[in-house]
Amino acid sequence: MSLTIQPIVVSQSFFVISLDFELHWGRFDKTSYLGRLGYYERAREAVPRLLDLFAEFGISATWATVGMLLANDREEWRIYQPDVPPLFKSEGYSAYRWYEKHEVPDSILFAPDLAKCIHSYPGQEIGCHTHAHYYTGAAGACEASFRADLQAARRIAKEKLGMDMRSLVFPRNQYNDEVLRISGEEGFSMVRTNPYDWYWQNPQDHEFSKRLFRTGDSILPLSNKTSYPRAMLHVPKPPLPVQVPASRFFRPFQSKALWVNRLKLKRIFQEMNLAAAEGEVYHMWWHPHNHGHHLESSLAEVRQVLSHYQQLHEKTGMQSINMADLGAIVYSV
């Protein structure tokens with residue numbers, strides 16, 4: 001049975017989902033694509049299946065999309081390159097340098113067809129994940145190249161999908177006060193930010209202790225409360241965008257440790273229950289390519305989360321909204 005998307009009532013609790021839609025653009029600097037074509041085939045298959053699940057349960061979501069992913073092929077990719085490319089001190093962080101040096105199957109990089117499919121579903125927002133999976137925390141990142149990157153992303157979305165991107169998610173969750181200002185000046189009214197716990201701050205540091213606590217917190221109560229009151233979101237002084245903190249990263253399904261999956265879901269359900277009871281915002285995020293392993297089991301977990309949301313929606317009025325919807329509420333109050 002498909003649920004219709006209900007009108008938003010400001011006093012309700014909110015269930016927000018944002019997805020980092022990137023395919024191999026989000027992994028080029030960390031993982032080789034060789035031997036992983038099946039993984040990306042399943043990741044692509046996951047997109048329409050997620051959309052069908054969202055439609056079934058009345059879920060709105062923001063798909064933060066790498067701009068390059070909207071190109072058809074290498075030739076069009078070149079057309080949409082920004083005027084000022086990034087000059088990272090480590091060339092390994094540049095998607096431009098990497099792609100120019102490699103012959104890579106189009107299927108793991110480009111998906112304008114999937115983006116158009118997402119755009120056609122009710123409640124689904126195409127947001128921005130920068131144009132080139134730009135690392136604002138990398139040495140050599142600068143205002144000129146970051147600004148040009150955002151402009152390129154907005155241009156390709158406008159020309160290929162006929163839409164203006166309003167919500168932004170920073171690759172690897174790297175950001176600072178300067179990039180927040182630039183993002184607002186370039187037309188982004190909403191940005192996803194990190195939880196306030198110490199181990200989510202400055203994730204580009206790659207500290208082992210931070211990684212350990214981020215992983216452990218998915219099954220054990222190591223963090224502060226993950227949901228937050230809507231009043232915490234307010235319109236800042238222009239041009240800064242509204243910051244929408246993440247609550248929970250939905251970690252991939254573990255086939256060799258099923259007990260981890262059970263504890264992970266239990267923790268998520270408890271956090272959703274608390275958000276619904278206290279009229280707060282609960283913001284989950286993950287990558288569609290996380291479903292590239294164990295597709296059926298992974299999507300079954302998504303169904304469990306959405307089914308739990310449906311129960312809370314029916315009992316408490318919890319409402320599913322995307323980042324743009326949340327922004328409309330914040331800016332209207």
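No experiment lies behind these values; they were computed from the predicted model shown.
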Q.
As a quick check of understanding, evaluate side-chain contact (heavy atoms from CB on, under 4.5 Å) for S320 and Y309, giving each step before the final call.
A. CA-CA 8 Å; S320 169; Y309 157 75; 3.5 Å; yes

Q: Check step by step if side-chain contact (heavy atoms from CB on, under 4.5 Å) holds for I59 and F15.
A: CA-CA 9 Å; I59 298 295; F15 181 47; 4.2 Å; yes

Q.
One pair to check against side-chain hydrogen bond (donor to acceptor under 3.5 Å, both in side chains): Y96 and Q81. What are the steps and the verdict?
A. CA-CA 9 Å; Y96 303 98; Q81 287 191 24; over 6 Å; no

Q) Which is it for Y282 and R248 under the side-chain contact (heavy atoms from CB on, under 4.5 Å) test, yes or no, and what are the steps along the way? A) CA-CA 8 Å; Y282 187 71; R248 172 65 55 205; 3.2 Å; yes

Q. Are H283 and S247 close enough, and set up right, to give a side-chain hydrogen bond (donor to acceptor under 3.5 Å, both in side chains), and what steps lead you there?
A. CA-CA 5 Å; H283 184 177; S247 299; 5.9 Å; no

**Q.** Worked verdict on R172 versus D29 for salt bridge (Lys or Arg N to Asp or Glu O under 4.0 Å)
**A.** CA-CA 12 Å; R172 305 277 162 82; D29 60 311; 3.2 Å; yes

Q: Evaluate the criterion side-chain contact (heavy atoms from CB on, under 4.5 Å) for residue pair I17 and N322; output intermediate values, then yes/no.
A: CA-CA 6 Å; I17 290 178; N322 58 42; over 6 Å; no

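When every heavy atom of V244 is checked against every heavy atom of L233, the shortest pair comes out as CA-CD2, 4.1 Å. Among all heavy-atom pairs drawn from F28 and G92, the shortest one is CE1-O, 3.4 Å. Here the shortest heavy-atom pairing between P82 and H131 reads CD-CD2, 4.2 Å. Here the closest heavy-atom approach between residue G26 and residue Y135 is recorded as O-OH, 4.5 Å. M318 and M272 get closest at one heavy-atom pair: CE-O, 3.8 Å. The shortest non-hydrogen separation linking E76 to N72 is OE1-N, 2.7 Å.
Contact of the S18 side chain with the M323 side chain is registered, since non-hydrogen atoms from C-beta on lie closer than 4.5 Å. You'll find the side chain of E301 reaches within 4.5 Å of the side chain of F250, heavy atoms only. Residues V191 and V169 are not in side-chain contact: their nearest non-hydrogen atoms beyond the backbone lie 4.5 Å or more apart. Taking the side chain as every heavy atom from C-beta outward, L19 and T65 never approach each other to under 4.5 Å. Within the 4.5 Å cutoff, the side chain of L265 has no heavy atoms near those of the H308 side chain. Contact check for W63 versus L50: side-chain heavy atoms found under the 4.5 Å cut-off. A 4.5 Å side-chain heavy-atom check between K158 and M163 finds every atom pair outside the cut-off. Residues S189 and V242 have side chains not in contact (no heavy-atom distance under 4.5 Å, counting atoms from C-beta outward).
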Name every donor-acceptor pair, under 3.5 Å, that has one atom in a side chain of residues 108-123 and the other anywhere in the protein, sequence neighbours excluded.
from: D113; atom 1: OD1; to: R44; atom 2: NH2; distance (Å): 3.4
from: S120; atom 1: OG; to: C117; atom 2: O; distance (Å): 2.6
from: Y121; atom 1: OH; to: D52; atom 2: OD1; distance (Å): 2.7

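Side-chain contact annotation: S60 with E125, donor-acceptor N/O pair under 3.5 Å absent. Counting only N and O atoms by type, the side chains of Y134 and S145 include a donor and acceptor under 3.5 Å apart.
The OG atom of S13 sits 10.5 Å away from atom NE2 of H313, with the distance rounded to the nearest 0.5 Å. For the atom pair R154 CZ and L168 CG, the distance stands at 10.0 Å (nearest 0.5 Å). Taken from CZ in R166 to CD1 in I126, the straight-line distance is 15.5 Å, to the nearest 0.5 Å. Residue M68 holds its CE atom at 13.5 Å from OH of Y80, rounded to the nearest 0.5 Å. Note that CZ of F14 is 7.0 Å distant from CG of L326, once rounded to the nearest 0.5 Å. E41 contributes atom CD, which lies 6.5 Å from atom OG of S107 (distance to the nearest 0.5 angstrom).
A salt bridge links E143 and R181; the closest N-O separation between the charged side-chain nitrogens and carboxylate oxygens is under 4.0 Å. The pair R147-D83 does not count as a salt bridge, with every side-chain nitrogen at least 4.0 angstrom from each carboxylate oxygen.
Checked against side chain to side chain contact (heavy atoms under 4.5 Å, CB included), E278 has the following partners two or more places apart in sequence or in another chain: K225, L274, E280. Residues passing the salt bridge (charged side-chain N to carboxylate O under 4.0 Å, His left out) test with R78, sequence neighbours excluded: E100. Partners of R97 by salt bridge (charged side-chain N to carboxylate O under 4.0 Å, His left out), not counting sequence neighbours, listed by chain and number: E91. For H294, the side chain to side chain contact (heavy atoms under 4.5 Å, CB included) test picks out F253, S255, S297, with sequence neighbours left out. Listed by chain and residue number, R49 satisfy the salt bridge (charged side-chain N to carboxylate O under 4.0 Å, His left out) test with E296 (two or more places apart in sequence, or in another chain). Remark: H102 pairs with W98, V104 by the side chain to side chain contact (heavy atoms under 4.5 Å, CB included) rule, at least two apart or across chains. In terms of the side chain to side chain contact (heavy atoms under 4.5 Å, CB included) criterion, residue partners of N290 (sequence neighbours excluded) are, by chain and number, F249, P252, W286, H287. Judged as a side-chain hydrogen bond (donor to acceptor under 3.5 Å, both in side chains), and not counting sequence neighbours, the contacts of R27 are Y40. By the salt bridge (charged side-chain N to carboxylate O under 4.0 Å, His left out) test, R303 pairs with E56, sequence neighbours left out. Annotation: side-chain hydrogen bond (donor to acceptor under 3.5 Å, both in side chains) contacts of D20 (sequence neighbours excluded): R192. Residues forming a side-chain hydrogen bond (donor to acceptor under 3.5 Å, both in side chains) with Q151 (at least two apart in sequence, or on another chain): E186.
V84 and I79 fall into different hydrophobic clusters, defined by Ile, Leu, Val, Met, Phe, Trp and Tyr side-chain heavy atoms under 4.5 Å apart, directly or through other members. Residues L258 and F269 fall into different hydrophobic clusters, defined by Ile, Leu, Val, Met, Phe, Trp and Tyr side chains chained together at heavy-atom separations under 4.5 Å. L87 and V179 sit in two unconnected hydrophobic clusters of ILVMFWY residues. Membership requires side-chain heavy atoms under 4.5 Å apart, directly or through other members.
Listed for the S32 side chain is a donor-acceptor partner under 3.5 Å among the backbone atoms of L34. In this structure, Y39 contributes its side chain and H289 its backbone to a donor-acceptor pair below 3.5 Å. Proximity of a side-chain donor or acceptor of R42 to a complementary backbone N or O of H291 within less than 3.5 Å is not detected. For Q254 (side chain) and N261 (main-chain N/O), no donor-acceptor pair under 3.5 Å exists by modelled atom type.
Taking the six-membered ring where the residue is Trp, the centroids of F21 and H129 are separated by 6.0 Å or more.
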